2 protein chains.
Amino acid sequence: MINKEEFRRKIIISAGQIFSRYGFKKTTMDEIAKALKMGKSSIYYYFESKENIFEAVVLHEANILRNELTTAIKSVESPLDKMKSYVFVRMKAFEKLSNYYNAIFDKNLDHFDFIETIREKYDREELAILRLILYDGAKKKVFNVTNSEYTAMAIQTTLKGLEVPLFWKKKEEHIEKRLNAILDVLFYGIVNNH
Amino acid sequence: MINKEEFRRKIIISAGQIFSRYGFKKTTMDEIAKALKMGKSSIYYYFESKENIFEAVVLHEANILRNELTTAIKSVESPLDKMKSYVFVRMKAFEKLSNYYNAIFDKNLDHFDFIETIREKYDREELAILRLILYDGAKKKVFNVTNSEYTAMAIQTTLKGLEVPLFWKKKEEHIEKRLNAILDVLFYGIVNNH
DNA sequence: CGAATTATCGACCAATTCATTCGAAGGCTT
DNA sequence: AAGCCTTCGAATGAATTGGTCGATAATTCG
């Protein structure tokens, strides 16, 4: 009812929850359908395939993350706080993302080349944001960086390193504590402690 | 190597992690084998079947919970604190247990009759513990209960109600807060506020 | 050593699962 | 009632999966 696009959105939300919990492979169309209280075949009226839904979900998730990040840096003033909250929010998001990875790594990751596309675009955006924060911070003498472009890349690489699911495996550890520790390490070499 | 029983234990631990994450159905023998870095068929040297492993895992998990609960009530003195920490630890354990449920509920739960056996024994034990704490608390005028047997059953029923996975579905909510709220409600009618 | 026992593995199988298709049909608008 | 939009049950063919079996290392023991 209502609107086709509206319903597609509903499917994305619902399927997204299941995907994020069980990953691509372990999520069945039956489950997605059941969660939506509809017949399995009905879903094919809105999406071509399971992969198609997955793509929409990942895209949607990426947008959410982007919004979270932009609001995170908007809500604070100083470059240091901007950088802190950006890195913090992004790292926390990996907990969610790692669940997607978990099942994708299973096999033919190359099949999901749309992820590569999203990632590239996303990486460029992120680099620009980081560079900007660093540049501003350097100007205000909060950061001790001479080449913001270069340092931004270094930070991004660090963040990327945290993306591997391995990092999130041990659920027992308190994630917050770990993130804070990394934040400390990351800033120790950046902040200008005059 | 080492010992057959030792290795069975290794399998139980390793498989337990996967089961608790994905549930019975979504966990494959290949995954269990891979996690143990061994061939799938080798596992059948230690266990008869997948169900068999699952049974051992649940049994193991039940023992862990029992230990946690007994140490929880041993570590405090007053009946009120005993009751608080017992209920709290038990409720937190359900988060883990709900994952097992999640996949069992799928279909033929009746096939896992060993769970029924564990449960019954476990329930009896729990009832005895609760009754004891209540009785002691009543004697010390901390609790306002006349029939500890009866009240223990009421508390156990309340706890059981929380076991349904439905309760844990919405991951966003802060579980701790919710548990504390329930604890409050639970005690409001019990504690003797003279 | 060499025989017996213990432990591991790859190849295979039958049963099941799963994504996807398709035609029928319900329901809504005009 | 005609034409669309939407839903669904049944069917299907390919892939997955729990479990088996015989071969064969690896280890123990006389």
Side-chain angles (χ1 to χ4, degrees), chain A residues 1-19 21-58 100 102-112 114, chain B residues 1-19 21-58 100 102-112 114:
Chain A
M1 334 179 171
I2 326 175
N3 184 346
K4 192 163 175 179
E5 209 48 45
E6 190 76 24
F7 211 100
R8 277 176 57 95
R9 197 180 166 74
K10 263 202 175 70
I11 294 176
I12 290 171
I13 303 292
S14 185
Q17 289 173 351
I18 308 177
F19 277 132
R21 165 137 198 198
Y22 295 116
F24 180 78
K25 204 184 163 209
K26 281 187 193 295
T27 299
T28 70
M29 292 299 283
D30 274 305
E31 284 170 316
I32 296 175
K34 202 168 168 185
L36 287 157
K37 294 187 211 300
M38 68 193 312
K40 179 171 48 167
S41 40
S42 302
I43 293 180
Y44 286 88
Y45 178 70
Y46 297 96
F47 286 96
E48 268 190 11
S49 66
K50 186 183 168 187
E51 277 187 33
N52 227 286
I53 302 176
F54 187 63
E55 177 171 349
V57 165
V58 173
Y100 289 101
N102 204 301
I104 294 179
F105 275 148
D106 237 19
K107 275 193 186 174
N108 45 343
L109 175 56
D110 19 306
H111 213 288
F112 297 99
F114 69 88
Chain B
M1 335 178 171
I2 326 173
N3 185 344
K4 193 165 179 180
E5 208 48 45
E6 191 75 24
F7 211 99
R8 278 176 57 96
R9 196 180 167 75
K10 264 203 174 68
I11 295 176
I12 290 171
I13 302 292
S14 185
Q17 289 173 351
I18 309 176
F19 276 133
R21 165 138 200 197
Y22 295 117
F24 179 78
K25 206 185 160 207
K26 280 187 193 297
T27 299
T28 70
M29 291 299 284
D30 275 305
E31 282 172 315
I32 295 174
K34 202 168 170 185
L36 287 157
K37 294 185 210 304
M38 67 193 313
K40 175 172 56 165
S41 37
S42 301
I43 293 180
Y44 285 89
Y45 179 70
Y46 297 96
F47 286 94
E48 267 190 11
S49 66
K50 187 183 168 189
E51 278 187 34
N52 226 286
I53 301 176
F54 187 63
E55 176 171 348
V57 165
V58 172
Y100 289 100
N102 203 301
I104 294 178
F105 274 147
D106 239 18
K107 274 192 187 174
N108 44 343
L109 174 55
D110 19 307
H111 211 288
F112 297 100
F114 69 88

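What you are looking at is a predicted structure, and each value in this text was computed from that prediction instead of being measured. So that the names make sense, note that chain A is the first sequence line, chain B the second, and so on, each numbered from 1.
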A.B. asks: Atom CZ of Phe24(A) to atom P of dT16(D): distance rounded to whole Å?
C.D. replies: 12 Å
A.B. asks: Specify whether Phe19(B) and Phe24(B) have parallel, tilted or perpendicular ring planes, treating 30° as the upper limit for parallel and 60° as the lower limit for perpendicular.
C.D. replies: parallel
A.B. asks: Considering every strand and a 4.0 Å limit on heavy-atom distances, what is the contact class for Thr28(A): base, sugar-phosphate, or nothing?
C.D. replies: sugar-phosphate
A.B. asks: Side chain to side chain contact (heavy atoms under 4.5 Å, CB included), that's the test. Do Asn3(A) and Phe7(A) meet it? Break it down for me.
C.D. replies: CA-CA 6 Å; Asn3(A) 184 346; Phe7(A) 211 100; over 6 Å; no
A.B. asks: Quick check for you: among dT20(C), dG18(D), dT7(D), whose closest atom lies nearest to any side-chain atom of Met29(B)?
C.D. replies: dG18(D)
A.B. asks: Should Lys25(A) be listed as having a side-chain N or O under 4.0 Å from OP1 or OP2 of dT17(D)?
C.D. replies: yes
A.B. asks: Are Ser42(A) and dT6(D) close enough that a side-chain N or O sits under 4.0 Å from OP1 or OP2?
C.D. replies: no
A.B. asks: Return the value, rounded to whole Å, for the distance between atom CD of Glu5(B) and atom C1' of dT6(C).
C.D. replies: 15 Å
A.B. asks: Measure NZ/Lys10(A) against P/dT7(D) and give the value in whole Å, please.
C.D. replies: 11 Å
A.B. asks: Within this structure, what is the CE-to-P distance between Met38(A) and dG9(D), rounded to whole angstrom?
C.D. replies: 11 Å
A.B. asks: Expressed as a whole number of angstroms, how long is the span from Lys26(B):NZ to dG18(D):P?
C.D. replies: 13 Å
A.B. asks: Rounded to whole angstrom units, what separation is found between the OH atom of Tyr45(A) and the C1' atom of dC22(C)?
C.D. replies: 16 Å
A.B. asks: Take Thr27(B) and Lys37(A), find for each the nucleotide of DNA chain D with the closest heavy atom, and name the residue whose nucleotide sits nearer the 5' end.
C.D. replies: Lys37(A)
A.B. asks: Checking Lys10(B) against Tyr46(B): charged group under 6.0 Å from the ring centre and within 45 degrees of the axis?
C.D. replies: no
A.B. asks: Is there a donor on the side chain of Lys40(A) or the base of dG9(D) sitting less than 3.5 Å from an acceptor on the other?
C.D. replies: no
A.B. asks: Distance check needed: dA11(C) P versus Asp30(B) CG, whole Å only.
C.D. replies: 13 Å
A.B. asks: Choosing from dT20(D), dT21(C), dT20(C), which nucleotide comes nearest the side chain of Ser41(A)?
C.D. replies: dT21(C)
A.B. asks: At their closest point, which heavy atom of Ile43(A) faces which heavy atom of Ile53(A), and how far apart are they?
C.D. replies: CG2-CD1, 3.8 Å
A.B. asks: Could you tell me how far apart Tyr44(A) (OH) and dC8(D) (P) are, to the nearest whole angstrom?
C.D. replies: 15 Å
A.B. asks: Whether Lys50(A) and Glu55(A) form a salt bridge (side-chain N of Lys/Arg under 4.0 Å from carboxylate O of Asp/Glu) is what I want to check.
C.D. replies: no
